[in-house]
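Notes follow the structure.
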Protein chains: 2
Amino acid sequence: MTETVVKRRRGAALEDAILDAAWSELEARGYSDFTFQAVADRAGTSRAVLYRRWPTKASIASAAIVRHLKLNPIKVPDLGNFRDEMCLLLRRFADRAPPRLLGLIFEMSQDMAAEGTSFMDDRFQDFPMKDVLERALSRGDVDKDRLTPRVVRLPFSLVMHEVVITVKQISDMAIAEIVDQTFLPLVTTPR
Amino acid sequence: MTETVVKRRRGAALEDAILDAAWSELEARGYSDFTFQAVADRAGTSRAVLYRRWPTKASIASAAIVRHLKLNPIKVPDLGNFRDEMCLLLRRFADRAPPRLLGLIFEMSQDMAAEGTSFMDDRFQDFPMKDVLERALSRGDVDKDRLTPRVVRLPFSLVMHEVVITVKQISDMAIAEIVDQTFLPLVTTPR
DNA sequence: ACGCCAAGGGCCAGAACGTCTCTTAAATCA
DNA sequence: TGATTTAAGAGACGTTCTGGCCCTTGGCGT
């Protein structure tokens with residue numbers, strides 16, 4: 001017989017347990033089958049407790065995602081050159097979530113839009129693009145004038161797009177293509 | 001009182017009517033509120049008839065989308081220059097399906113991956129990119145060597161990504177940015 | 001003209017929803 | 001420490017959609 005001490009959790013401890021359960025549900029079933037019921041069951045609590053904190057499916061799912069991103073930060077060390085750092089960054093970015101999970105973002109975007117948020121939000125942009133760019137700027141590898149927000153987002157958009165469309169892990173070759181054929185030509189100073 | 005003749009439809013006529021109803025539902029309520037019930041009601045038929053043809057929500061929705069795309073082909077006339085034609089092409093591409101429907105593409109891609117196809121397939125590249133590019137090549141507006149498949153796909157990937165993430169109609173300004181900041185610099189011959 | 005297939009309607013149990021009530025454990029404060 | 005407040009957790013509720021399964025009745029083919 002297992003220890004069935006009726007430990008009643010509260011506050012942050014409870015919230016973390018719920019978000020962990022939510023993440024597990026997302027991993028296991030995906031967003032369209034994501035349900036308050038299942039999260040509550042898995043977390044060993046009741047739906048009322050969830051509704052008290054998150055009004056909608058999308059809000060609890062995105063909270064779970066944000067938590068997961070925080071717990072799995074991407075680190076890109078100084079490799080001495082911009083290109084390799086970008087490839088590594090994109091590799092880590094793609095590896096952090098399997099294709100099915102990246103698809104979540106698109107399934108969720110409709111609900112999120114209804115709530116006035118979007119995955120463009122800063123809280124989802126936790127990858128260390130800033131650091132990589134700063135190093136590249138200080139090395140003179142990139143042209144500051146060319147770093148418009150749209151161009152900076154470009155490689156991530158393309159990686160996500162490819163992963164979601166093919167529903168396969170993206171290859172190193174594809175990442176190299178994105179970097180060499182599109183991103184680098186756009187941001188490196190023309191000779 | 002409207003004409004309520006009990007005309008019983010069959011085969012293709014019925015199927016088209018259902019897919020039209022499905023499309024209307026998608027337009028009116030979006031995919032997350034998309035339901036067999038509502039489609040059957042709107043089409044004036046029963047759910048059993050739908051289940052007989054499409055096993056899942058996603059399959060009927062994607063069938064409705066594919067039908068809509070077929071019924072609304074994109075035409076881009078010769079505007080005399082590559083840039084304007086690209087902007088128009090992307091505009092039409094984005095306008096053809098409302099934002100909340102584009103997200104479906106990604107759910108569809110999961111099913112399609114299971115069947116070994118993908119939206120990268122040529123049959124989904126029905127928009128007249130080929131024509132536009134050929135005109136551009138004959139005018140000397142673009143450099144043939146730079147037209148790798150990845151670069152050609154780029155503007156569409158970016159438009160889709162933006163539309164899906166923001167769940168808003170993309171602005172002409174954003175399209176112009178994509179063309180001017182990313183696509184044109186990549187494909188036009190450097191002076 | 002007749003037989004057969006499928007359209008269309010209705011019924012069912014099951015799942016999840018969103019909202020409640022109630023109890024009781026845990027935190028807060030006197 | 002004991003009293004008071006807060007909220008966790010359990011459960012009940014009516015509703016909606018699901019995915020089946022019936023049954024009838026209309027239309028098409030032989």
Side-chain angles (χ1 to χ4, degrees), chain A residues 2-64 104 107-108 110-112 114-115, chain B residues 2-64 67 100 104 107 110-111:
Chain A
T2 56
E3 184 99 9
T4 50
V5 187
V6 211
K7 240 331 200 218
R8 184 174 285 190
R9 299 153 300 182
R10 292 191 159 237
L14 175 62
E15 204 155 310
D16 286 350
I18 292 172
L19 290 182
D20 286 345
W23 177 257
S24 302
E25 277 298 313
L26 285 173
E27 266 191 320
R29 311 248 177 96
Y31 183 68
S32 36
D33 293 335
F34 183 75
T35 172
F36 275 79
Q37 203 96 275
V39 174
D41 291 349
R42 190 187 280 262
T45 182
S46 70
R47 275 173 302 138
V49 175
L50 307 200
Y51 281 114
R52 205 170 287 143
R53 293 178 160 73
W54 302 278
T56 65
K57 242 173 79 145
S59 63
I60 184 170
S62 55
L104 278 188
E107 286 184 52
M108 288 181 61
Q110 189 170 332
D111 290 341
M112 295 188 57
E115 298 170 18
Chain B
T2 57
E3 184 98 8
T4 49
V5 187
V6 211
K7 214 37 168 180
R8 183 174 284 189
R9 300 152 298 181
R10 292 187 160 242
L14 175 60
E15 203 155 311
D16 286 350
I18 292 172
L19 290 181
D20 285 345
W23 176 258
S24 302
E25 276 298 313
L26 285 170
E27 266 191 319
R29 304 237 243 269
Y31 184 68
S32 37
D33 294 336
F34 184 74
T35 168
F36 275 80
Q37 204 96 276
V39 175
D41 291 349
R42 189 187 280 260
T45 183
S46 70
R47 277 174 302 133
V49 176
L50 307 200
Y51 282 116
R52 204 171 289 142
R53 293 177 162 73
W54 302 277
T56 64
K57 242 173 77 145
S59 65
I60 184 169
S62 58
R67 176 174 152 79
R100 53 153 157 255
L104 260 192
E107 278 188 56
Q110 305 213 357
D111 298 342

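Below, read A as the first sequence line, B as the second, and so on, with proteins coming before strands; counting in each chain starts at 1.
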Between R42(B) and D20(B), is there a side-chain N and carboxylate O pair less than 4.0 Å apart?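 Salt bridge: no.
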
Is the shortest heavy-atom distance from the side chain of [X] to the side chain of [Y] under 4.5 Å?
X      : Y      : answer
T35(B) : R29(B) : no
L19(A) : I60(A) : yes
F36(A) : E25(A) : no
W54(B) : I18(B) : yes

Just how far, in rounded Å, is [atom2] of [N] from [atom1] of [X]?
X      : N       : atom1 : atom2 : answer
L50(A) : dG9(D)  : CG    : C1'   : 11 Å
R42(B) : dC17(D) : CZ    : P     : 14 Å
L14(B) : dA6(C)  : CG    : P     : 12 Å
R9(A)  : dA26(C) : CZ    : P     : 12 Å

Axis-to-axis angle across the helix from dA1(C)-dT30(D) to dA30(C)-dT1(D), five pairs an end, to 10 degrees?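 The end axes of the helix from dA1(C)-dT30(D) to dA30(C)-dT1(D) are about 20° apart, to the nearest 10°.
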
More than 12 heavy atoms of other residues, nucleotides or ligands under 6.0 Å from CZ of R53(A): yes or no?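 Atom CZ in R53(A) is packed in, count exceeds 12.
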
For M108(A), is there any backbone N or O sitting under 3.5 Å from a side-chain donor or acceptor partner on K57(A)?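 No; judged by distance alone, with no hydrogens or angles, the pair does not exist.
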
Within the 4.0 Å limit for protein heavy atoms, which parts of nucleotides 9-21 of chain C are touched? Write it as a string from 5' to 3', B for base, S for sugar-phosphate only, - for none. B-B----BBBBB-

In sequence, state the C-alpha distance, the side-chain angles, and the governing distance for T56(A) and E115(A), and then conclude on side-chain hydrogen bond (donor to acceptor under 3.5 Å, both in side chains). CA-CA 9 Å; T56(A) 65; E115(A) 298 170 18; 2.5 Å; yes

